[in-house]
Participant: 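This is the structure I have questions about; it appears just below.
Order of the sequence lines sets the chain letters (A, B, ...), proteins ahead of strands, with each chain counted from 1.
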Amino acid sequence: MKREMNLSNRRYTNELSAANSGERVCIAGWVHEKRDLGGVLFLIVRDFGGLAQVTLHRKSTDPELFERAKRVPRESVVAIEGTVKSENKAPSGYEIIPERMVVLNEASPKLPLDTTDKVSAELDTRLDARFMDLRRERTKHIFVIRSKVLKAIHDFFDERGFIEINTPKIVSAATEGGTALFPISYFEREAFLNQSPQLYKQILMASGFDRVYEIAPIFRAEEHDTTKHLNEATSMDIEVAFVTDREVMAILEELIAFVYARIAAYPGLSKLGIELEVPKVPFRRVTYDEAIELLSDSGEQIEWGEDLSASAEHALGRIMGEHYFITEWPLALKPFYAQPSEHRNDICNAFDLMHPRLELASGSQRVHSYELLRSQIESKGLSAESFEFYLDAFRYGMPPHAGWGLGIERLLMSMLGIENIREVVLFPRDRRRLVP
RNA sequence: GCCCGGGUGGUGUAGCGGCCUAUCAUUGAGCCCUGUCGAGGCUCGGACUCGGGUUCAAAUCCCGACCUGGGCGCCA
């Protein structure tokens, strides 16, 4: 009775229209909704392309097929062979009159969430059933956009002569400091998941590969539990030789504008209710000193040398309104590899790229002198011996260089106006979540 | 780590000492219905996170655990 159906020539629902009227087609997907009007039964079938209406008239349909269509539970996977019929009463101007239907997988009736969005679901519920959450229009588009953002970034750097690199994610104890690391067992030794590709991308500056980029996971063992932190995140990093912080800042703002322009053209954006405005470059730049003065005027007191608190960042975001850079940070606030300013010994050529309410990226011109780097490592209380693998690269011809790291998830959040970072990661890892 | 919220059918919620045999929506089962597009109408099914305590009486108050949302800190 159920002959095998050849799915290799199946059509996506968005490829079909009234123009295909009379064609015999095969579609496959999930039963999104059923509307049983007694004498007529509508099956709304969803695939990656969208929705299609399959219409069954009781009088003119094989009774066995009609009954099976009536009984198939929502979200079951079905393949349907039928004829396209132009019909202006149908939602997309056509419908499919089925001749055959194969249920490839029947769904259990108590669905973990509602894919039609009649009833909302909490984020935690959605993440537990992410496979089903992704069937929802909005969630789907977030990840299509994520993919397009990554593609845009690759295109941007490829066009500019950058080489894509892959640095190790299993590293020895020596790190740039700051964040806590996840220890792992590496045969008879202890190792860690990397917190950033920083040291390795810098080592490559001594290789002649003078424009590199990497998009890769980073791991932070901080026990933070906020809407903008993850324990596994995706970092977009670049490192460029023979330039200073000013040049890599220009690359960064051009990249942001480039990505926005690409995504602004994506039709799915309207499904998210978003209209993207491509930010104008160059972005505004404020020095750290100017920032604390601006904050002081608006009632936020920051001692010189202190980092900006969350409320200070928000206040500054309200003043600036758009993407902006904070430059000339106190040297003590930035990692050992930040190049001290040629004008003042207490500040460095480091910058943060801010979006109102969120830090997107940070970078700097790097120290390329072996002696200075070694002394800055030691002045941070770190052991220079454990950095020998890194320091070695600075002893045999290290050009001046600069770079930055950008949080992909934060870029997506800020672009799409999403409040919780977990929304833009398929399977987020946070303080509590290790599955799915 | 600190500070506030919250855990009620599959999902999302109302109720916050007795009117609870727990509300509403959606989902599910069944019936009616030939053009739905959040279909409609009728019937039925389905839940108080766990453990202690207070009380004549606990979904409701108290304590603990677990889970969870947000803010801060840390961090990017």
Side-chain angles (χ1 to χ4, degrees), chain A residues 32-44 51-61 66 70-71 73-75 85 87-93 95 97 107-129 132-133 136 175-181 195-198 217-237 306-314 333-335 350 352-355 357-363 404-411 413-414 419-422 430-433:
Chain A
H32 186 66
E33 265 184 286
K34 284 190 296 180
R35 295 199 194 93
D36 180 2
L37 278 68
V40 62
L41 170 67
F42 299 106
L43 284 191
I44 312 301
L51 301 173
Q53 176 163 291
V54 176
T55 305
L56 297 92
H57 295 275
R58 187 186 284 280
K59 276 186 182 165
S60 54
T61 306
F66 192 91
K70 192 176 163 177
R71 299 289 160 207
R74 283 167 64 221
E75 293 304 327
K85 184 184 165 215
E87 174 56 75
N88 48 28
K89 280 181 279 185
S92 36
E95 60 193 13
I97 310 299
S108 294
K110 288 189 174 176
L111 302 175
L113 49 87
D114 175 17
T115 56
T116 65
D117 282 337
K118 284 177 199 160
V119 180
S120 59
E122 288 189 356
L123 183 58
D124 192 53
T125 305
R126 290 169 43 209
L127 291 176
D128 280 342
M132 188 158 287
D133 183 43
R136 296 170 58 241
T175 73
E176 45 189 294
T179 193
L181 300 181
Q195 69 173 101
S196 95
Q198 182 64 35
I218 56 170
F219 304 90
R220 312 273 165 114
E222 296 296 331
E223 297 202 6
H224 40 48
D225 195 3
T226 78
T227 52
K228 39 182 176 284
H229 292 90
L230 290 167
N231 294 296
E232 178 178 350
T234 311
S235 181
M236 142 92 260
D237 275 81
E306 272 180 27
D307 209 345
L308 303 185
S309 66
S311 73
E313 270 185 17
H314 296 164
L333 282 181
K334 290 293 175 184
D352 282 2
L353 172 64
M354 309 297 295
H355 183 271
R357 295 191 69 82
L358 206 54
E359 178 189 332
L360 292 183
S362 63
W404 45 254
L406 163 75
I408 292 292
E409 285 81 16
R410 290 188 172 186
L411 174 63
M413 289 170 76
S414 58
E419 294 296 324
N420 195 316
I421 196 165
R422 294 162 183 81
D430 62 29
R431 178 70 186 87
R432 292 185 280 250
R433 186 174 285 277

Participant: Counting Watson-Crick and G-U wobble pairs only, both distances under 3.5 Å, name the nucleotide matched with B:rG40, or none.
Facilitator: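 In the structure as shown, B:rG40 has B:rC32 as its Watson-Crick or wobble partner.
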Participant: Side chain of A:Glu122, heavy atoms from C-beta onward: which of B:rC75, B:rG12, B:rU36 has the nearest atom to it?
Facilitator: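 So the side chain of A:Glu122 is nearest to B:rG12.
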Participant: Out of B:rG73, B:rU34, B:rG12, which has the shortest distance to the side chain of A:Ser120?
Facilitator: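 Per side-chain heavy atoms of A:Ser120, the pick is B:rG12.
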Participant: Side chains of A:Lys34 and A:Leu43: closer than 4.5 Å at any heavy-atom pair?
Facilitator: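 Yes, close enough: below the 4.5 Å cut-off.
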Participant: Taking any heavy-atom pair under 4.0 Å as a contact, classify A:Glu75: base, sugar-phosphate, or nothing.
Facilitator: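 Here A:Glu75 touches no strand at all.
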Participant: What's the closest nucleotide to the side chain of A:Thr227 if the choices are B:rG35, B:rG71, B:rG73?
Facilitator: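 It is B:rG71.
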Participant: Could you tell me whether the side chain of A:Ser235 and the main chain of A:Asp237 form a donor-acceptor pair under 3.5 Å?
Facilitator: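 No, A:Ser235 side chain to A:Asp237 backbone: no donor-acceptor pair under 3.5 Å.
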Participant: In plain terms, say whether A:Asp128 and A:Arg433 are close enough for a salt bridge, that is, a side-chain N and a carboxylate O under 4.0 Å apart.
Facilitator: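 Salt bridge: yes.
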Participant: State, without any angle test, whether A:Glu409 and A:Thr234 hold a side-chain donor-acceptor pair at a distance under 3.5 Å.
Facilitator: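 Side chains of A:Glu409 and A:Thr234: pair found under 3.5 Å.
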Participant: Among B:rG35, B:rA25, B:rG73, find the nucleotide with the atom closest to the side chain of A:Thr226.
Facilitator: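 Selected nucleotide (nearest to the side chain): B:rG73.
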Participant: On a whole-Å scale, what distance lies between the P atoms belonging to B:rU60 and B:rG6?
Facilitator: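 Looking at atom P only, B:rU60 and B:rG6 are 13 Å apart.
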Participant: Expressed as a whole number of Å, how far does the P atom of B:rC74 sit from that of B:rG38?
Facilitator: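 Here B:rC74 and B:rG38 have their P atoms 49 Å from each other.
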Participant: Classify the nucleic acid contact of A:Arg74 as base, sugar-phosphate or nothing, counting any heavy atom under 4.0 Å across all strands shown.
Facilitator: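 Sugar-phosphate, backbone atoms only, no base.
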Participant: Taking the side chain of A:Glu222 as heavy atoms from C-beta outward, which of B:rG70, B:rG35, B:rC74 is closest to it?
Facilitator: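 Closest nucleotide to the A:Glu222 side chain: B:rC74.
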Participant: If you check every side-chain atom of A:Asn420, which of B:rC75, B:rG70, B:rG35 has the closest atom?
Facilitator: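 Ranking B:rC75, B:rG70, B:rG35 by closest atom to the A:Asn420 side chain puts B:rG70 first.
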Participant: Across the strands shown, which category fits A:Arg126 at heavy-atom distances under 4.0 angstrom: base, sugar-phosphate, nothing?
Facilitator: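 The residue A:Arg126 makes no contact with any strand.
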Participant: Taking atom P in both B:rG28 and B:rG15, what distance in whole Å separates the two?
Facilitator: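 Roughly 27 Å separates the two P atoms.
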Participant: For the side chain of A:Val119, counting heavy atoms from C-beta on, which of B:rG35, B:rA76, B:rG12 is nearest?
Facilitator: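 The closest nucleotide is B:rG12.
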Participant: Should A:Arg126 and A:Asp117 count as an ion pair when the cut-off is N to O under 4.0 Å?
Facilitator: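 No.
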Participant: In this structure, how many angstroms lie between the P atom of B:rG70 and the CZ atom of A:Arg431, rounded?
Facilitator: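 Checked: the CZ to P distance equals 16 Å.
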Participant: Out of B:rU26, B:rC72, B:rA39, which nucleotide sits closest to the side chain of A:Glu33?
Facilitator: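 Selected nucleotide: B:rA39.
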